[in-house]
Peer 1: 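Sharing a structure, written as structure tokens. Questions coming.
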Amino acid sequence: MSLSLTAIGQLLADGESGFSPPSVEESFFYDKLGDGTIITSVKAMVLLVLGVVLIIGFFIASARPAAVVPGKLQFFGESIYGFVRNGVAIEVLGKAGKKWAGFLTTLFVFIIVMNLWELVPFAQLPVTSHFAIPAVLAMMVWVIYNYVGIKKHGLWGYLKLSCYIPGIPPAMHILLIPIEFLSNILLRPFTMMVRLFANMFAGHMLVGVAATGVIFQLQSGGAGYAIAVLPGIASIGLVFFELMVCALQAYVFTLLAAIYIESSLADSH
Amino acid sequence: MSTIAFLAAAGCSTDTSVAGLTAEQVLEKCASEGHETFALGLPLGEIIIAIVAFAVLFFVLRKFAWPQFEKAYDARTKAIEGGIAEAAQAQNEAKAALEEYRAQLAGAREEAAKIREDARAQAQGIRSDLLAQATAETERIAAAGRSQLDAQRAQIIAELRSDLGRMSVDLASKVVGESLSEEAAKQRTVERFLADLER
């Protein structure tokens, strides 16, 4: 590949009548604090803190009654908690799942809210598209699943559990132990953080390009008024698509965290 | 990888002049020129804010939200299980009561049949008793009547016999005592005799 997508995009844009799609800088890093080495987007950080405050407010209001016959708010909160508790934690971790339900629900709710900022009017910036946030979450999961594994099996026992596959020809271990070590111990957090980051990053770019496309067509007038319908439809469709991606990525991240913790707590490979 | 592709991946603007520079130098140049920010960068401030925010969220929810939900779940489970146990108990009680009523009903029926049977037997007994009594009474009355009649007849016969004897004697004596020559006397005598007879 000699040309990157950005370069192709720019060539195409030059060939046509001057439509330039929003750049990464314009989409994500338009309000840096200073030179952007400490904080690359003030808005993203404001949304992050606001999101945490909203989640706390919602769940405290929802959990306070703890009534046998729940009201609407309690029912909603319980449904979210029950979804992760029963559908992820207990489903994956079995009996130990109840202990992990709180952490996994926190993870799920945090990620889905930070994702959904992408679609909230005026916010419209997924906090998880800033690489630091998925990186922090993935490293946290990495620390946790390694810690519980070492705590339960001891360092040597945990490494053996993670990397040694029983019941294969001995010569294969030369090949498989490094692969297993790489995939189970080293690469898991990176796939996790990149999966979440890349989905939200690309999603935000897509929505941004479609939306600026509408504006560009309307501004160019004439046939543009008719052509604007196409990116218009795409914008609306993409918002619903992103809604799905936001929920799905939060679910996948939570599910993988549960599966990794389970693999550390398991008694056999 | 070409320089342009590298610059794009690093988020640098592709018109930066980078002839004869190493990769590190290019990135440094990007940053120092204030061009585009590296999308895969890890700004320290964002990391710290993310860690603190997540930690606060985790501990607050762990303290205030999840235990309350678990409490509600437990209470609900208990309420449902209690309700089921209660319903089962009520059903058992109802079943027991029904059995008891059935048994009582069967007993009552049996008793009624027995009473009816007894009554019939008793009635039969009374009827045959009365019949026997009546027959005996009839016999007795008939026998009494018959013996009375016999006695009366014997008495009458005896009386008649004695009367007839006496009368015959009287008659004979009268017939013998009267003078039959006189027609009038004869007539008187006859009439007196007849009158005596009629008396």
Side-chain angles (χ1 to χ4, degrees), chain A residues 1-7 10 23-25 28-29 32-33 35-41 44-45 48-49 51-52 55-56 58-60 62-70 74 77-78 81-82 85 98 101-103 105-107 109-110 127 129-133 135-137 140 194 197 201, chain B residues 1-15 28 30-83:
Chain A
M1 193 172 83
S2 62
L3 289 173
S4 73
L5 283 176
T6 317
Q10 278 183 345
S23 68
V24 169
E25 196 72 12
F28 296 97
F29 310 115
K32 286 184 269 211
L33 198 67
D35 62 353
T37 50
I38 304 296
I39 284 172
T40 51
S41 169
M45 292 304 105
L48 196 160
V49 174
V52 167
I55 298 168
I56 287 174
F58 168 74
F59 273 109
I60 286 182
S62 166
R64 191 194 296 275
V68 174
V69 179
Q74 190 192 337
E78 267 184 21
Y81 177 64
R85 176 185 183 264
K98 213 171 148 184
F103 170 70
T105 311
T106 311
L107 198 60
V109 174
F110 182 83
V127 180
S129 70
H130 279 256
F131 192 58
I133 285 86
V136 163
L137 297 176
M140 178 176 69
V194 169
F197 158 76
F201 185 89
Chain B
M1 193 154 63
S2 77
T3 318
I4 294 175
F6 178 77
L7 286 170
C12 289
S13 98
T14 40
D15 52 1
E28 233 168 69
C30 274
S32 64
E33 280 179 4
H35 275 215
E36 302 198 4
T37 313
F38 184 41
L40 288 172
L42 293 168
L44 188 65
E46 299 193 0
I47 289 176
I48 291 169
I49 291 175
I51 290 172
V52 170
F54 189 86
V56 167
L57 184 68
F58 174 72
F59 286 109
V60 169
L61 292 184
R62 192 175 74 159
K63 178 122 180 62
F64 294 107
W66 314 140
Q68 292 283 95
F69 285 151
E70 290 290 346
K71 207 169 83 180
Y73 286 154
D74 283 349
R76 208 164 298 150
T77 310
K78 211 172 279 176
I80 290 167
E81 277 173 358

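Quick note: numbers below take in every heavy atom, side chains included, and nothing from hydrogens, waters or symmetry partners. Owing to the predicted nature of the structure, the values given are computational and were not obtained by experimental measurement. First the proteins, then the strands, lettered A, B, ... as listed; each starts at 1.
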Peer 1: If you count heavy-atom pairs under 4.5 Å with chain A, which of Ala79(B), Ala75(B), Ala72(B) comes out on top?
Peer 2: Ala72(B)
Peer 1: Flag the pair Val109(A) / Phe59(A) as yes when at least one side-chain heavy-atom distance between them is below 4.5 Å, and no otherwise.
Peer 2: yes
Peer 1: Does any heavy atom of chain A fall under 4.5 Å from the side chain of Leu61(B), the backbone, both, or neither of them?
Peer 2: side chain
Peer 1: Below 4.5 Å from any heavy atom of chain B, which atoms of Leu107(A) appear? Answer side chain, backbone, both or neither.
Peer 2: both
Peer 1: Among Val52(B), Val60(B), Ile48(B), which residue forms the greatest number of heavy-atom pairs with chain A at distances under 4.5 Å?
Peer 2: Val60(B)
Peer 1: Examine whether an atom of Leu48(A) lies under 4.5 Å from a heavy atom of chain B, and if so say whether it belongs to the side chain, the backbone or both; otherwise answer neither.
Peer 2: side chain
Peer 1: What part of Arg62(B) gets within 4.5 angstrom of chain A, counting heavy atoms only: side chain, backbone, both, or neither?
Peer 2: neither
Peer 1: Once the angle between the rings of His130(A) and Phe29(A) is folded into 0 to 90°, is it parallel (under 30°), tilted (30 to 60°) or perpendicular (over 60°)?
Peer 2: perpendicular
Peer 1: Which bit of Val49(A) comes within less than 4.5 Å of chain B, counting heavy atoms only: side chain, backbone, both or neither?
Peer 2: side chain
Peer 1: Would Lys32(A) and Thr37(B) count as having a side-chain donor-acceptor pair, cut-off 3.5 Å?
Peer 2: yes
Peer 1: Counting heavy-atom pairs under 4.5 Å to chain A, which of Ile47(B), Ile80(B), Val56(B) comes out on top?
Peer 2: Ile47(B)
Peer 1: Please confirm whether the backbone N or O of Phe58(A) pairs with a side-chain atom of Ser62(A), one donor and one acceptor, at under 3.5 Å?
Peer 2: no
Peer 1: Less than 4.5 Å apart, side chain to side chain, heavy atoms only: is that true for Phe54(B) and Val136(A)?
Peer 2: no
Peer 1: With chain B as the partner, which of Pro70(A), Pro65(A), Ser23(A), Ser129(A) has the greatest number of non-hydrogen pairs under 4.5 Å?
Peer 2: Pro70(A)
Peer 1: Going by an N to O cut-off under 4.0 Å, is there a salt bridge joining Glu78(A) and Arg85(A)?
Peer 2: no
Peer 1: Using the ring of each side chain (for Trp, its six-membered ring), is Trp66(B) parallel, tilted or perpendicular to Phe69(B), with breaks at 30° and 60°?
Peer 2: tilted
Peer 1: How are the rings of Phe28(A) and Phe201(A) set relative to one another: parallel (under 30°), tilted (30 to 60°) or perpendicular (over 60°)?
Peer 2: parallel
Peer 1: With a 4.5 angstrom heavy-atom cut-off, is it the side chain or the backbone of Ala135(A) that approaches chain B, or both, or neither?
Peer 2: side chain
Peer 1: What part of Thr37(A) gets closer than 4.5 Å to chain B, counting heavy atoms only: side chain, backbone, both or neither?
Peer 2: backbone
